[in-house]
Every structure is written in structure tokens, then in C-alpha cells.
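So the structure is just underneath, and the comments pick up after that.
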Amino acid sequence: MPDPQPTIVLVHGAFAESASWNGVLERLGAAYDSVAVANPLRSVAGDAAYVQDVVRGIGGPVVLVGHSYGGMVITQAAAGDTSVRALVYVNAFAPDTGESAMTLSAKFPGSTLADTLVQYPVSTGGNEVAIGQDQYHAQFCADSSDDVAALMARTQRPITEQGLADKLTSDPAWRSLPSWFVFGDADKNIPAEAHRFMAERANPRGQREVVGGSHAMAVARPSEVAETIIEAVRGVS
């Protein structure tokens, strides 16, 4: 018997939360089994281990989809896992061994994220960072409505500085798995040039660049994101 259709596992990044995938989930509909994971945003290794737990709980083939820092997580979580059939990077980091979100975002000019961040210490050690409320809309989701952006700013999940600085310790899963990339050319967190660089070296099966797309394309451009995910599922089913 052929393998069942993969379950789509959606992993959000920093300054978002699992509901940021709602528009994508609506467009995937009942034809595709899918789940949006609550990414802890504590460390690449710990977050990847949590995603691996989710994948094991599904107990079948999966397509991992990562947004932003979630790309770091799925790249490590998929390493050596035979149940993962494909990777989809949505305005996401696709690191090589030894690279971090921090180093990749600074590899090319254009990111304005650092100037918008607020930080505070946490009891477990180190600092958490979040985007300032007044700057969130322009920085993260400029192509979303004022109301949506205000809600996202209030519900954003901060990330630890450790998570942003952690390097990929595994071989990158995109070397051995088919990948798809979708990103906006108006991303202010990760410069479009960085997205193009990461996609080119991964030699993806599909690449879509959305004119005017912000960093939060899963919210503002869910149709383009869903189309890319569906291409990936069909490409490995």
C-alpha cells in the first residue's frame, strides 16, 4: 500500500504564535491533515526536540513547515527522521551547520529588527526579547490591517536570546529532503537577499517570492503560503 498523505506540521517563529497559521489552515481545509505547534521559543535544540515529540505522536509521514526562527527548528528536528518527507520554509531561516538565526539575519543588509526589540531578564537565565508594541505593525506585518497587527502585537510570544544565538548542530535536513521556499520581498526581519541565498543553496523543488510580502505572510498572504505547502505535499505523496 502507498504511504498515507503526510500530515502538515506548522511551526511558528519568534514574535508570533500558533494562531498565526489560522488563515493557512482555513485554506488547507479538510483535505489535508494539519496541526499548528506551539513552539516554545527557548532554544533550537529544545524546541526541535519538542517538534520531534509532536511528529512521533502523529505516527506517520509529515511535512514540516517553519516560519522565521521555526525554520531553524524544523531543520534540526528533521535531521535523521525518516517520517519527515519534505520541508517548507515560510520567510524562514534555512541554516547550514554552525549557523544561527542571528548570523543569517545579519549576513545581508536590510534587517531593521534589532532596533525594534525590547528585552528583559527571565528567571531561568539570560533575556527574552519581543518587538515593541508601537513598532510591531511596521516591522513584522506591514501588509496586515491595523486591527490584526494590534492583536498580533499583544499575543506575540517572546523568544530567548539563546534561541536566536543557537547554532544548528546537525547536518541540515534540506540537504537530503526536498524543500520549498516562499517569502516576501518586503520582509524587514530577514532581508529578501538572505532568503534568496538560503533558497539557492538548498536547491528547492519550489520557490515563490511574493511582491510586497511582509515577514508575517502566513497571516497577510495565507493563500500563497497554502499553495506552496500543497505543492510540497503533492510533490512527496
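Note that the structure is a prediction, hence the values are computed from the model and not measured. Below, all heavy atoms of this structure are taken into account, side chains as well, without hydrogens, waters or symmetry copies.
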Exercise for review: Please step through side-chain contact (heavy atoms from CB on, under 4.5 Å) for the pair Glu161 and Val129, ending with a clear verdict.
Suggested key: CA-CA 7 Å; Glu161 288 182 333; Val129 293; 3.9 Å; yes
Between [X] and [Y], is any pair of side-chain heavy atoms under 4.5 Å apart?
X	Y	value
Val225	Trp21	yes
Asp47	Val51	no
Thr116	Leu113	yes
Asp171	Thr97	yes
Val233	Ile8	yes
Val236	Pro6	yes
Val219	Cys141	no

At their closest point, which heavy atom of [X] faces which heavy atom of [Y], and how far apart are they?
X	Y	value
Thr75	Pro95	OG1-CD, 3.5 Å
Ala192	Phe183	O-CE1, 4.2 Å
Gln5	Ala31	NE2-O, 3.0 Å
Ser105	Pro191	O-CD, 3.7 Å
Ala199	Gln207	CB-OE1, 3.5 Å
Gly66	Ile74	N-CD1, 3.5 Å

Exercise for review: Can you spot which of Lys188, Gln135, Gln139 makes a side chain to side chain donor-acceptor pair (under 3.5 Å) with Thr112?
Suggested key: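 Among the candidates, only Gln139 passes.
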Shared hydrophobic cluster for [X] and [Y] (ILVMFWY, side-chain gaps under 4.5 Å):
X	Y	value
Leu28	Val37	no
Val35	Leu87	yes
Met102	Met198	yes
Leu25	Val182	yes
Met72	Met217	no

Exercise for review: Check whether more than 12 heavy atoms from other residues, nucleotides or ligands sit under 6.0 Å from atom CG of Asn22, and answer yes or no.
Suggested key: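 For Asn22, atom CG is crowded (more than 12 foreign heavy atoms under 6.0 Å).
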Point to revise | Residues, nucleotides or ligands: over 12 heavy atoms within 6.0 Å of Gln133 CD | key: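 Yes, the 6.0 Å shell around CD holds more than 12 heavy atoms from other groups.
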Practice item. Starting from the C-alpha separation in whole Å, work towards a yes-or-no answer on side-chain contact (heavy atoms from CB on, under 4.5 Å) for Glu231 and Trp180. Key: CA-CA 8 Å; Glu231 287 174 12; Trp180 279 257; 3.9 Å; yes
Give a yes or no on whether the backbone of [Y] and the side-chain of [X] come within a donor-acceptor separation of less than 3.5 Å.
X	Y	value
Ser179	Val88	no
Arg221	Asp143	no
Thr160	Arg42	yes
Asp187	Ser214	no
Thr103	Glu99	no
Gln76	Ala45	no
Gln156	Ala153	yes

Distance-only donor-acceptor hits, side chain of residues 9-20, under 3.5 Å, sequence neighbours excluded:
from: His12; atom 1: NE2; to: Asn39; atom 2: N; distance (Å): 3.0
from: Glu17; atom 1: OE1; to: Ala19; atom 2: N; distance (Å): 3.3
from: Ser20; atom 1: OG; to: Glu17; atom 2: O; distance (Å): 2.6

Side-chain atoms of residues 52-63: list all donor-acceptor pairs with protein atoms under 3.5 Å, sequence neighbours left out, distances to 0.1 Å.
from: Gln52; atom 1: NE2; to: Ala77; atom 2: O; distance (Å): 3.1
from: Asp53; atom 1: OD1; to: Arg56; atom 2: NH2; distance (Å): 2.5

What is the distance from atom [atom1] of [X] to atom [atom2] of [Y], rounded to the nearest 0.5 Å?
X	Y	atom1	atom2	value
His137	Ser145	NE2	OG	6.5 Å
Asn91	Asp185	CG	CG	10.0 Å
Ile229	Leu64	CD1	CG	11.0 Å
Ser111	Glu193	OG	CD	13.0 Å
Phe181	Arg196	CZ	CZ	13.5 Å
His195	Leu104	NE2	CG	10.5 Å

Exercise for review: Using a strict cut-off of less than 4.0 Å between a Lys/Arg side-chain nitrogen and an Asp/Glu carboxylate oxygen, indicate whether Arg208 and Glu227 qualify as a salt bridge.
Suggested key: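 Looking at Arg208 and Glu227, the cut-off is met.
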Review point. How is the hydrophobic cluster of Val118 composed, in terms of its other members, when Ile, Leu, Val, Met, Phe, Trp and Tyr link through side-chain heavy atoms under 4.5 Å apart, directly or indirectly?
Key: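 Result for Val118 is none, singleton.
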Check your understanding: Checking side-chain contact (heavy atoms from CB on, under 4.5 Å) for the pair Ser100/Phe93: CA distance, chi angles, key distance, verdict?
Key -> CA-CA 9 Å; Ser100 69; Phe93 295 109; over 6 Å; no
Review point. Can you list the residues that meet the side-chain hydrogen bond (donor to acceptor under 3.5 Å, both in side chains) rule with Arg205, with sequence neighbours excluded?
Key: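 Arg205 satisfies side-chain hydrogen bond (donor to acceptor under 3.5 Å, both in side chains) with no other residue.
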Practice item. Hey, could you give me each pair passing ring-ring contact (aromatic ring centres under 6.0 Å, His included) that has a residue in residues 217-237? Not counting sequence neighbours. Key: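 Checked against ring-ring contact (aromatic ring centres under 6.0 Å, His included) - neighbours excluded - no pair reaches residues 217-237.
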Review point. Which pairs with one or both residues in residues 45-81 pass ring-ring contact (aromatic ring centres under 6.0 Å, His included), sequence neighbours excluded?
Key: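 Residue pairs with at least one partner in residues 45-81: His67-His215.
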**Study point:** CA sep, side-chain torsions, deciding dist, call: Arg201, Trp174, side-chain contact (heavy atoms from CB on, under 4.5 Å)
**Key:** CA-CA 9 Å; Arg201 72 177 177 182; Trp174 47 258; 3.9 Å; yes
**Study point:** Test side chain to side chain contact (heavy atoms under 4.5 Å, CB included) applied to Gln162 and Leu164, Asp166, Ile159, the passing residue
**Key:**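 The side chain to side chain contact (heavy atoms under 4.5 Å, CB included) with Gln162 is passed solely by Asp166 among Leu164, Asp166, Ile159.
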